[in-house]
2 protein chains.
Amino acid sequence: MSLPHAILTSLLEKPCTGAELARRFDKSLGHFWPATHQQIYRELGKLEEAGLILARGLATARGSQRHFDVQAAGRAELERWSLAAAEPRPVRDALLVRLRAAAVLGTVDLGGEIRRHRQLHAQTLGRYRAIEERDFPPGRALDTAGGLRRAVLLAGIAFEESWLAWCAETLATG
Amino acid sequence: MSLPHAILTSLLEKPCTGAELARRFDKSLGHFWPATHQQIYRELGKLEEAGLILARGLATARGSQRHFDVQAAGRAELERWSLAAAEPRPVRDALLVRLRAAAVLGTVDLGGEIRRHRQLHAQTLGRYRAIEERDFPPGRALDTAGGLRRAVLLAGIAFEESWLAWCAETLATG
DNA sequence: TACGATTATGCAACTTGTTGCGCAAAGGAG
DNA sequence: CTCCTTTGCGCAACAAGTTGCATAATCGTA
């Protein structure tokens, strides 16, 4: 149930078209709740039908841009949802399953995959750090909203660093 | 595509019935690839149909136990899959979306939720640590398989610790 | 042995996420 | 102006995950 709310959040930050939303998503909120452009279009349709957002521009022809704004009802729904209690999702990572498989098979070496993952996580970490430097340079005071956005980014950074450390240790130990 | 392979792994560790598999899953592999019993039964059906596992006992009546063994083809498929390259899934956590929503709304305080999540993550960490003490007590030498299983557990521990640290810092900063 | 609670198995319907494709508009190159 | 590429939009089919319920076996207990 998070995708529509992620979209509301993003539209509230800046109203835009579906395609622009999809692009922005890839570079910001999508880091923590990924979505394809098809998912986004579908949800935009539902949100519009529910009256939570409003489209400027007609839905007549394909390929014509439609600009979306969040309505008061949308804002209210987002408040409701963000305050409601929700459980964290457990991790779900195939690499860990594969390690267990390797353990029981005894014939499979995943060192290469771990190294590859280490590199991928290092790349992601690099992207996050670049965003941090760009949006939250040291020495500048942050308002509440800025602090919250920074906290989200720091969670991503912590996560990637945790992966990197684990990869290093696993490679060293195994 | 991971669930069937997680099931193969678990069945390879110890052949059993669907219900027992579901129970074992909750306490071990399921920490990293959760699945409900319905998912498991459905996959068992598919795996059996594909000839990757074999059921001792007839599928005649409901409620009668069926014991599953991994076939050679199943083992081969698991090897193939665990060696094939696969990308890590990005994080997908609603709490982070909610923080961004709170940032843009400006009227929502998530401190309580963060504290609650901190507690949940602490509980999970406690469970992992208990498993670590039970299965990998210090001072005992580990074979390769044990090392791999321990590495998986350490990944879980690292994530939870990372979450805990983040919760603490976010509560302190915000 | 009869009864009720628990355990095991499974169907059906639904929601969410993914993949692949097709069509329309916009915008530059010839 | 025409062609062609890129961008935006969206359908349709599928795969994966979830929820709720129904039924059969099992087991303890009266």
Side-chain angles (χ1 to χ4, degrees), chain A residues 1-8 10-11 15-27 29-50 53 55-68 81 86-94 97, chain B residues 1-8 11 15-26 29-50 53 55-68 81 86-94 97:
Chain A
M1 291 299 298
S2 288
L3 181 55
H5 300 94
I7 290 177
L8 285 174
S10 203
L11 280 181
C16 60
T17 69
E20 191 187 335
L21 185 60
R23 254 182 282 115
R24 281 230 316 275
F25 229 71
D26 280 350
K27 299 187 178 175
L29 246 185
H31 286 311
F32 310 105
W33 201 277
T36 64
H37 71 107
Q38 286 85 350
Q39 273 178 283
I40 289 175
Y41 281 124
R42 196 175 6 175
E43 288 302 333
L44 283 173
K46 287 185 191 173
L47 287 169
E48 188 189 7
E49 197 175 353
I53 61 176
R56 276 177 281 165
L58 296 77
T60 52
R62 276 184 171 187
S64 58
Q65 289 199 344
R66 302 211 301 141
H67 225 257
F68 293 96
W81 174 81
E87 305 318 306
R89 291 216 189 175
V91 216
R92 196 171 247 175
D93 194 283
V97 177
Chain B
M1 291 300 297
S2 289
L3 181 55
H5 300 94
I7 289 176
L8 285 174
L11 280 181
C16 61
T17 69
E20 191 187 334
L21 185 60
R23 255 181 280 115
R24 282 229 316 275
F25 229 72
D26 280 351
L29 247 184
H31 284 129
F32 309 106
W33 200 277
T36 65
H37 72 107
Q38 285 85 348
Q39 275 178 280
I40 289 174
Y41 280 122
R42 193 172 9 174
E43 289 303 332
L44 283 173
K46 286 186 191 171
L47 288 170
E48 189 189 6
E49 197 174 354
I53 62 177
R56 278 177 279 164
L58 298 77
T60 53
R62 276 182 171 188
S64 57
Q65 290 199 345
R66 302 212 299 143
H67 227 258
F68 294 96
W81 174 81
E87 305 318 307
R89 291 216 189 174
V91 217
R92 195 172 248 174
D93 194 283
V97 177

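Residue numbers begin at 1 in each chain, while the letters A, B, ... track the order of the sequences.
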Discussion item. How long is the straight-line distance from NE2 of A:His5 back to CG of A:Leu29, given to the nearest 0.5 Å?
Written reply: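 Between A:Leu29 CG and A:His5 NE2, I get 13.0 Å after rounding to 0.5 Å.
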Practice prompt. State the OG-CZ distance between A:Ser10 and A:Phe68, to the nearest 0.5 angstrom.
Written response: 13.0 Å
Worksheet item: Short question: side chain of B:Glu48, backbone of B:Gly45 - any donor-acceptor pair under 3.5 Å?
Response: no
Fill in: Polar side-chain atom of A:Arg66 near backbone of A:Gly18 as donor-acceptor pair, under 3.5 Å
no
Item to complete: Search all heavy atoms of B:Tyr41 against all heavy atoms of B:Ala19 and return the closest pair with its distance.
Response: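 Heavy-atom minimum between the residues: OH-N, 3.4 Å.
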Worksheet entry | A:Leu47 vs A:Leu11, side-chain contact (heavy atoms from CB on, under 4.5 Å): CA-CA, chis, key distance, verdict | CA-CA 11 Å; A:Leu47 287 169; A:Leu11 280 181; 5.6 Å; no
Worksheet item: Does B:Tyr41 put a side-chain nitrogen or oxygen below 4.0 Å from OP1 or OP2 of C:dT9?
Response: yes
Worksheet entry | Sorted by number, the residues of residues 17-26 of chain B with heavy-atom contact under 4.0 Å to DNA chain D | none
Item to complete: Using a 4.5 Å cut-off on heavy atoms from C-beta on, say whether the side chain of B:Pro90 contacts that of A:His31.
Response: no
Discussion item. I'd like to check A:Pro4 versus A:Lys46 (side-chain heavy atoms, cut-off strictly below 4.5 Å). Are they in contact?
Written reply: no
Response to the item:
Per-nucleotide protein contact along nucleotides 15-21 of chain C, 5' to 3', at a 4.0 Å heavy-atom cut-off (B base, S sugar-phosphate only, - neither), is -SBBBBB
Item to complete: Measure the distance from CG on B:Leu44 to C1' on D:dA16 and round it to the nearest whole Å.
Response: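 Rounded to the whole Å, the gap is 16 Å.
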Worksheet item: Once you round it to whole Å, what is the distance between C1' of D:dT7 and CD1 of A:Ile40?
Response: 15 Å
